[in-house]
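A quick write-up on the structure given underneath.
Chain letters run A, B, ... following the sequence lines, proteins first and then strands; every chain starts at 1. Just so it is clear, the model here is predicted, and its values are computed rather than measured.
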There are 2 protein chains.
Amino acid sequence: MTTTELTPAQMADRTGVTIDTLRYYEREGLIQNVARAESGHRRYSHNDVLWVEVLRCLRDTGMTIDQLRHYSELGAQGDHTEPERKRILLEHRALVERQIAERQAALELIDHKLSYYTGESS
Amino acid sequence: MTTTELTPAQMADRTGVTIDTLRYYEREGLIQNVARAESGHRRYSHNDVLWVEVLRCLRDTGMTIDQLRHYSELGAQGDHTEPERKRILLEHRALVERQIAERQAALELIDHKLSYYTGESS
DNA sequence: CAACAACCTAGAGTGCACTCCAGATCAACC
DNA sequence: GGTTGATCTGGAGTGCACTCTAGGTTGTTG
């Protein structure tokens, strides 16, 4: 097998996404056109690795499967969908900024509560 | 009704948490010793408001209901649980820091992808 | 005091994102 | 060539955090 083709197990290893989840993402349209060996077994490319990393980045910051499907389908539809994809990324960017602000406020509240405790923690 | 006692609807209004969720939290042991009117209807105190704000802060940053129940029960058990509560807050604080770092990395990836798009967004 | 809103409890239902299962096929090694 | 491990498909199951329902009680307002 060439270095640029990964089996499902290798792909799971590289991306940290389980085989079941990779199949689920494919079924849901988040990963498209995955290559197959003659046997019918999946063969993931380097681009697939990069794409799954993007998916996980967006997913881990709160983008839903529905939204990821939409974004993925736009990518498959060609260059004319770029403005819409840009819009989606900008909107998600704003969400992530809000999440950071929310978490910074949470840190302040936690620190405030911690300031009431003496230093005798284990 | 005095200013320091809130009906369920008023409590939902103040905290942004629905009445159903307030009841759910109480059932799960996240909110304890909620006062009742003679009718049996709940009456929330100012402390309850503050506590629910803490719950939501922790919940919104990824603490599970199980963990929140544990933390709440410790609070009800008295001062000797302070070290454990401090430990929980410190651990959660570390989680929130990781979430912020993860999201800052996400912003970089998003910005990197955005840099490939021209400025013609709607 | 009638009507309508707010509240009560116990328990069932929902939506999301996975995660697992059964039964079959394919690949690799002794 | 037989066993063992990886992969395949379609579909069922899981866990979490709510969210809603049914059937009844309480409170308020004209």
Side-chain angles (χ1 to χ4, degrees), chain A residues 1-2 5-45 48 51-72 92 95 99 102, chain B residues 1-2 5-45 48 51-72 92 95 99 102:
Chain A
M1 179 170 303
T2 74
E5 286 193 317
L6 299 177
T7 65
Q10 290 169 332
M11 181 69 170
D13 217 53
R14 285 283 193 297
T15 62
V17 175
T18 68
I19 292 177
D20 275 330
T21 300
L22 287 169
R23 277 198 284 256
Y24 166 66
Y25 282 179
E26 192 178 336
R27 236 182 300 156
E28 294 296 321
L30 274 52
I31 311 172
Q32 290 170 349
N33 305 319
V34 175
R36 299 285 179 135
E38 287 141 26
S39 62
H41 292 188
R42 288 172 181 79
R43 292 294 178 261
Y44 293 97
S45 68
D48 290 332
W51 178 242
V52 167
E53 283 168 1
V54 171
L55 287 178
R56 284 311 317 179
C57 169
L58 296 173
R59 181 72 202 87
D60 288 343
T61 52
M63 192 174 285
T64 66
I65 297 294
D66 264 12
Q67 291 170 315
L68 285 169
R69 174 173 29 243
H70 181 217
Y71 183 65
S72 303
H92 189 68
L95 172 66
Q99 292 174 346
E102 179 182 38
Chain B
M1 181 170 305
T2 75
E5 286 193 317
L6 299 177
T7 65
Q10 289 169 331
M11 181 68 170
D13 217 55
R14 286 284 193 297
T15 62
V17 175
T18 67
I19 292 177
D20 276 331
T21 299
L22 287 168
R23 278 198 285 256
Y24 166 66
Y25 282 179
E26 192 178 337
R27 236 182 301 157
E28 294 296 320
L30 275 52
I31 311 172
Q32 291 171 349
N33 305 318
V34 175
R36 299 284 180 135
E38 287 141 26
S39 62
H41 292 188
R42 289 173 181 79
R43 291 294 178 264
Y44 294 96
S45 69
D48 291 332
W51 178 242
V52 167
E53 283 168 0
V54 171
L55 287 178
R56 285 311 317 179
C57 169
L58 297 174
R59 181 74 202 86
D60 287 344
T61 52
M63 191 174 284
T64 66
I65 297 295
D66 264 12
Q67 292 169 315
L68 285 169
R69 174 173 29 242
H70 181 216
Y71 183 66
S72 302
H92 189 69
L95 172 67
Q99 292 175 346
E102 179 182 38

With a strict under 4.0 Å distance from non-hydrogen atoms of chain B, what nucleotide opens and what nucleotide closes the contacted stretch of DNA chain D, reading 5' to 3'? dA17(D) to dG27(D)
Intermediate values then yes/no, side chain to side chain contact (heavy atoms under 4.5 Å, CB included), Glu26(A) and Arg42(A): CA-CA 11 Å; Glu26(A) 192 178 336; Arg42(A) 288 172 181 79; 2.7 Å; yes
Side chain proximity check, His41(A) to Thr7(A), heavy atoms < 4.5 angstrom: no
Quick one: does Asp48(B)'s side chain get under 4.5 Å of Trp51(B)'s, heavy atoms only? no
Has Asp13(B) got a side-chain atom pairing as donor or acceptor with Gln10(B)'s backbone, closer than 3.5 angstrom? no
Hey, does the side chain of Arg36(A) come within less than 4.0 Å of dC26(C)'s phosphate (OP1/OP2), counting only N and O? no
Please determine if a side-chain N or O atom of Ser39(A) lies less than 4.0 Å away from the OP1 or OP2 oxygen of dT25(C). no
Angle by which the axis turns from one end of the helix from dC1(C)-dG30(D) to dC30(C)-dG1(D) to the other, five pairs per end, to 10 degrees: 10°
Contact check, side chains of Tyr44(A) and Thr15(A), non-hydrogen atoms, under 4.5 Å: no
Under 4.0 Å, heavy atom to any atom of DNA chain C: which of residues 57-68 of chain B qualify? none
Nearest 0.5 Å, what's the OG1-OH distance between Thr64(B) and Tyr71(B)? 14.0 Å
Which heavy atom of Arg43(B) sits nearest a heavy atom of Pro8(B), and at what distance? NH1-CD, 4.4 Å
Under a 4.0 Å heavy-atom cutoff, the residues of residues 19-29 of chain A touching DNA chain D are Ile19(A), Arg23(A), Arg27(A)
Considering residues at least two apart in sequence or located in another chain, which fulfil the side chain to side chain donor-acceptor pair (under 3.5 Å) criterion with Thr61(B)? His92(B)
Where is the tightest heavy-atom contact between Leu22(B) and Ala12(B), given as atom of each residue plus distance? CD1-N, 4.0 Å
Do Val52(B) and Met11(B) touch side chain to side chain, with heavy atoms closer than 4.5 Å? yes
Taking every non-hydrogen atom, the tightest pair across Leu58(B) and Leu68(B): CB-CD2, 3.8 Å
Over all atoms of both residues, closest heavy-atom pair of Ser72(A) and Leu55(A): OG-CD2, 4.1 Å
Classify Arg69(B) by what it touches in the nucleic acid, base, sugar-phosphate, or nothing, heavy-atom distance under 4.0 Å. nothing
For Arg69(B), what residues pass the salt bridge (charged side-chain N to carboxylate O under 4.0 Å, His left out) criterion, not counting sequence neighbours? Glu28(B), Asp66(B)
Rounded to the nearest Å, what distance is computed from the CZ atom of residue Arg42(A) to the P atom of nucleotide dA27(C)? 15 Å
